[in-house]
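What follows is a single structure, written as structure tokens, with notes after it.
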Amino acid sequence: MSLTFGVVTFPGSNCDVDAWHAVIDVLGERAVSLWHADHDLQGADVVILPGGFSYGDALRAGAIARFSPIMREVIAHAERGAPVVGFCNGFQVLCEAHLLPGALMRNASSKFVCDWVHLRVDGTNAPIFLDAYAPGQLLRIPIAHGEGRFVADEATLDQLEGEGRVAFRYVDAAGHATDDANPNGAARNIAGITNAAGNVLGMMPHPERAVEPLLGSADGLPLFQSLLARVGA
Amino acid sequence: MPRFSVSIHIVPRKGLLDPQGKAVADALHALGFATVADARIGRHIVLEVDGESAEAARAQATAMCDKLLANPVTEDYEIAAVAGG
């Protein structure tokens with residue numbers, strides 16, 4: 001079984017190396033580096049849009065990156081049903097690109113939050129990302145963002161919930177989605193969502209920074225292992 | 001082709017929490033401006049646009065707002081003024 005990950009670097013991306021480390025050093029798979037101005041995915045099976053501050057967050061986080069040349073290929077990849085995952089700024093780019101619904105707004109506290117959070121695995125429509133987790137499993141994953149408050153209209157939120165597309169929710173250590181456990185004021189404590197087909201995942205937390213005990217948690221690794229098991233050939 | 005100065009206002013949609021606006025409203029209250037019921041903070045964009053007419057420049061700016069300048073999920077925009085030509 002083997003899998004090639006394409007890690008996109010936009011000007012201002014700063015978690016591309018973390019994703020690279022997770023894929024190559026920990027998962028033991030192949031990664032190719034995709035520059036924002038590139039026009040092909042170099043055979044990548046899975047595309048990762050990493051965290052950071054693409055284009056300095058000019059206008060809105062992710063708004064300019066969404067029109068990068070490489071994004072034309074990423075959108076086509078997603079529309080073919082192939083896996084695309086965005087962490088942090090990558091989630092913002094996916095929303096701006098309309099591959100995922102909703103938007104990420106400034107944290108309700110106005111503060112940049114850099115911390116560890118508990119997440120609960122709530123998604124049911126995207127086994128390619130979630131298969132190696134137990135339903136309702138609690139994870140410890142870091143966050144680092146100033147604009148992570150997920151918003152969408154009520155109908156969209158109901159649809160996401162109804163279709164099992166809330167992949168991860170911010171919860172307390174006991175697994176309850178309380179206001180206190182919500183680090184940014186996200187609607188319904190939503191930390192990550194998937195598209196209707198289950199092949200696009202966006203999340204504000206950083207599973208790629210939680211892939212081995214040395215980093216404080218390995219709870220992010222099963223996400224990569226799910227991809228390897230379900231997509232790897 | 002004449003050049004127009006197009007002024008665009010973009011604000012967070014009413015009903016969505018705007019932490020920056022809330023901080024400013026709280027500060028204004030603290031300064032005694034009790035009449036302030038709400039504050040929302042957005043951006044003001046001024047574009048210099050070449051076009052056949054003011055209407056054409058406005059239509060261009062509207063297309064730019066729909067495609068890039070405003071996020072339809074969270075923001076409302078208004079072409080506030082088209083000047084020059």
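Note on naming: letters A, B, ... go to the chains in the order of the sequence lines (proteins, then strands), and numbering restarts at 1 for each one.
In this structure, the portions of B/K67 lying under 4.5 Å from any heavy atom of chain A include both its backbone and its side chain. Residue contact with chain B, scored on non-hydrogen atoms closer than 4.5 Å, is absent for A/R66. B/I10 does not touch chain A: none of its heavy atoms, backbone or side chain, sits under 4.5 Å away. Heavy-atom distances place no part of A/D153 under 4.5 Å from chain B, backbone and side chain included.
Judged purely by atom type and a 3.5 angstrom limit, A/R149 uses its side chain to pair as donor or acceptor with the backbone of B/L17. A donor-acceptor contact shorter than 3.5 Å links the side chain of B/R43 to the backbone of A/L59.
Rounding to the nearest 0.5 Å places CG of B/N71 at 8.5 Å from CE of A/M105. Between atom CG of residue A/L104 and atom OG1 of residue B/T74 there is a gap of 10.0 Å, rounded to the nearest 0.5 Å. Note that CZ of A/R106 and CD1 of B/I41 are 9.0 Å apart. Values are rounded to the nearest 0.5 Å.
The choice from B/P12, B/G15, B/A70 that makes the most heavy-atom pairs within less than 4.5 Å of chain A is B/A70.
Residues A/S110 and B/P19 share a closest heavy-atom pair of OG-CB, 3.1 Å.
More than 12 heavy atoms of other residues, nucleotides or ligands sit less than 6.0 Å from atom CD of B/E48.
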